[in-house]
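Fair warning: this is a prediction, and the values are worked out from it, not measured in the lab.
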Amino acid sequence: MKRLVQLYAYDFSEIMGLDVDADALFPEGRVLGRWLDGAAHAFLSFADGHLAGFAIAGVGSRLREDPEVMDVADFFVLRKYRRKNVGVRCAAMLFDLFPRRWEVRERAENAAAIAFWRKAIHEYTGGRYGETIANDEHWRGPVQSFDARIRTG
Ligand SMILES: CC(C)(COP(=O)(O)OP(=O)(O)OC[C@H]1O[C@@H](n2cnc3c(N)ncnc32)[C@H](O)[C@@H]1OP(=O)(O)O)[C@@H](O)C(=O)NCCC(=O)NCCS
């Protein structure tokens, strides 16, 4: 997991302005706050029998006082497996694991993630989700909200 986090941090280094330290390692805490504080569930994903990424789901909103909602804290697909629907399938598995309300946040600068999550959530919910654009001290970028129980009725 630690190595995957380094690759994830590398992908985010341009957006977040991250530098490596003298050992060429990125600071984990800057990208993985939620997992490190223990208030989250972490999953590895596999494709064709190979490690292909990870997903980290936090419990409780990062945007407001709501301890019940699930939050996609971090989500990563290794480059070899991108644009093959791996992300969409992993997202659906993650939402199925926690049939509750969800919030998904993307940084305003992360155009690929915004396009990805809109598609993944649209497919998962059949279009039954809301989106707001946050712009405050908690977050700056799109936030999708939906209830995963609509899949099971
Ligand atoms: C964002 C990310 C998770 C997408 O994973 P993926 O497995 O490539 O996504 P999928 O193949 O399931 O993509 C499904 C759809 O999302 C959209 N999408 C995915 N990547 C995209 C990109 N780079 N640019 C534009 N749209 C994109 C497309 O509509 C795509 O469908 P298409 O390939 O038929 O056009 C992956 O690029 C990644 O790990 N990025 C770095 C980390 C990151 O930004 N994580 C998200 C944090 S919120």
Side-chain angles (χ1 to χ4, degrees), residues 1-48 50-64 66-67 69-98 100-125 129-146 148:
M1 185 71 183
K2 277 182 171 293
R3 292 191 179 133
L4 283 180
V5 171
Q6 288 297 313
L7 301 175
Y8 181 62
Y10 184 47
D11 266 351
F12 269 103
S13 60
E14 287 171 298
I15 290 176
M16 293 180 67
L18 302 176
D19 284 307
V20 290
D21 64 17
D23 293 320
L25 294 170
F26 286 103
E28 281 178 8
R30 284 289 307 280
V31 287
L32 273 192
R34 205 88 207 245
W35 184 53
L36 295 173
D37 74 13
H41 302 270
F43 303 93
L44 295 173
S45 51
F46 292 81
D48 301 332
H50 297 279
L51 194 50
F54 64 79
I56 298 177
V59 183
S61 175
R62 293 295 293 261
L63 307 171
R64 62 211 152 78
D66 184 345
V69 74
M70 296 298 293
D71 167 73
V72 176
D74 294 286
F75 194 90
F76 180 60
V77 174
L78 282 167
R79 285 178 181 263
K80 178 184 172 186
Y81 295 103
R82 289 187 190 168
R83 303 307 287 262
K84 294 178 165 59
N85 226 33
V86 169
V88 163
R89 281 184 285 142
C90 289
M93 284 190 247
L94 182 68
F95 299 147
D96 279 347
L97 281 172
F98 300 95
R100 298 158 63 165
R101 286 181 295 112
W102 281 86
E103 277 175 357
V104 183
R105 303 168 284 116
E106 303 94 43
R107 291 176 186 274
E109 306 85 352
N110 197 349
I114 294 169
F116 164 72
W117 281 113
R118 282 179 178 154
K119 177 156 181 185
I121 294 168
H122 184 88
E123 282 195 12
Y124 187 81
T125 61
Y129 71 97
E131 181 176 299
T132 55
I133 308 291
N135 190 9
D136 58 24
E137 72 277 18
H138 301 295
W139 194 250
R140 212 176 65 73
V143 181
Q144 294 84 23
S145 313
F146 62 95

- State the CD1-CD distance between I114 and Q144, to the nearest 0.5 angstrom. 8.5 Å
- Message: For F76 and F54, take the angle between the two ring planes, folded into 0 to 90°, and tell me which bin it lands in: parallel under 30, tilted 30 to 60, perpendicular over 60.
- Response: tilted
- Query: Would a 4.5 Å heavy-atom cut-off, applied to side chains only, mark V104 and Y129 as touching?
  - Reply: no
- Message: Taking the side chain as everything from C-beta on, heavy atoms only, tell me whether L4 gets closer than 4.5 Å to L44.
- Response: yes
- Message: Closer than 4.0 angstrom, basic N to acidic O: yes or no for E103 and R62?
- Response: no
- Look at K80 together with D48 and state whether they make a salt bridge at an N to O cut-off of under 4.0 Å. no
- Message: Measuring from atom NE2 of H122 to atom CD of E131, what distance do you get when rounded to the nearest 0.5 angstrom?
- Response: 12.5 Å
- Query: So, does R101 use its side chain to make a donor-acceptor pair with the main chain of S145 at under 3.5 Å?
  - Reply: no
- Closest non-hydrogen atoms of D21 and D23, given as atom of the first, atom of the second and distance, are OD1-N, 2.8 Å
- Kindly indicate whether the side chain of M93, heavy atoms from C-beta on, has any atom under 4.5 Å from the side chain of S45. no
- Given the side-chain rings of F26 and F12, with only the six-membered ring counted for Trp, is the space between their centroids under 6.0 Å? no
- When the ring planes of W117 and F95 are compared, do they come out parallel, tilted or perpendicular, using 30° and 60° as the limits? tilted
- Message: Are the side chains of E123 and K119 in contact, using a 4.5 Å heavy-atom criterion?
- Response: yes
- Query: Going through the checks in order, is the side-chain contact (heavy atoms from CB on, under 4.5 Å) test met by F46 and L51?
  - Reply: CA-CA 4 Å; F46 292 81; L51 194 50; 3.7 Å; yes
- Nearest heavy-atom neighbours spanning L94 and A57: CD1-CB, 4.1 Å
- Query: Nearest heavy-atom pair of R105 and V72: which atoms, and what distance?
  - Reply: NH2-O, 3.7 Å
- Relative to the ring of W102, is the ring of F98 parallel (under 30°), tilted (30 to 60°) or perpendicular (over 60°)? perpendicular
- What pair of heavy atoms forms the shortest contact from D96 to Y124, and how long is it? OD1-OH, 2.6 Å
- Query: What closest approach, in Å, do V143 and A134 show between heavy atoms, and which atom pair accounts for it?
  - Reply: CG2-CB, 4.0 Å
- Item | Flag side-chain contact, heavy atom, 4.5 Å: I56 against H41 | no
- Heavy-atom side-chain proximity of R140 to E109 below 4.5 angstrom: yes
- Would you find more than 12 non-hydrogen atoms of other residues, nucleotides or ligands less than 6.0 Å from Y10 atom OH? no
- Item | Nearest atoms (heavy-atom pairs only) where G87 meets V77 | CA-CG2, 3.9 Å
- More than 12 foreign heavy atoms under 6.0 Å from CZ of R64: is that the case here? yes
- Do C90 and F43 touch side chain to side chain, with heavy atoms closer than 4.5 Å? no
- Message: Quick check against the 3.5 Å criterion: does W139 have a side-chain atom that pairs as donor or acceptor with the backbone of I133?
- Response: no
- Task: State, yes or no, whether a side-chain contact exists between R79 and L7 at a heavy-atom distance under 4.5 Å.
- Result: no
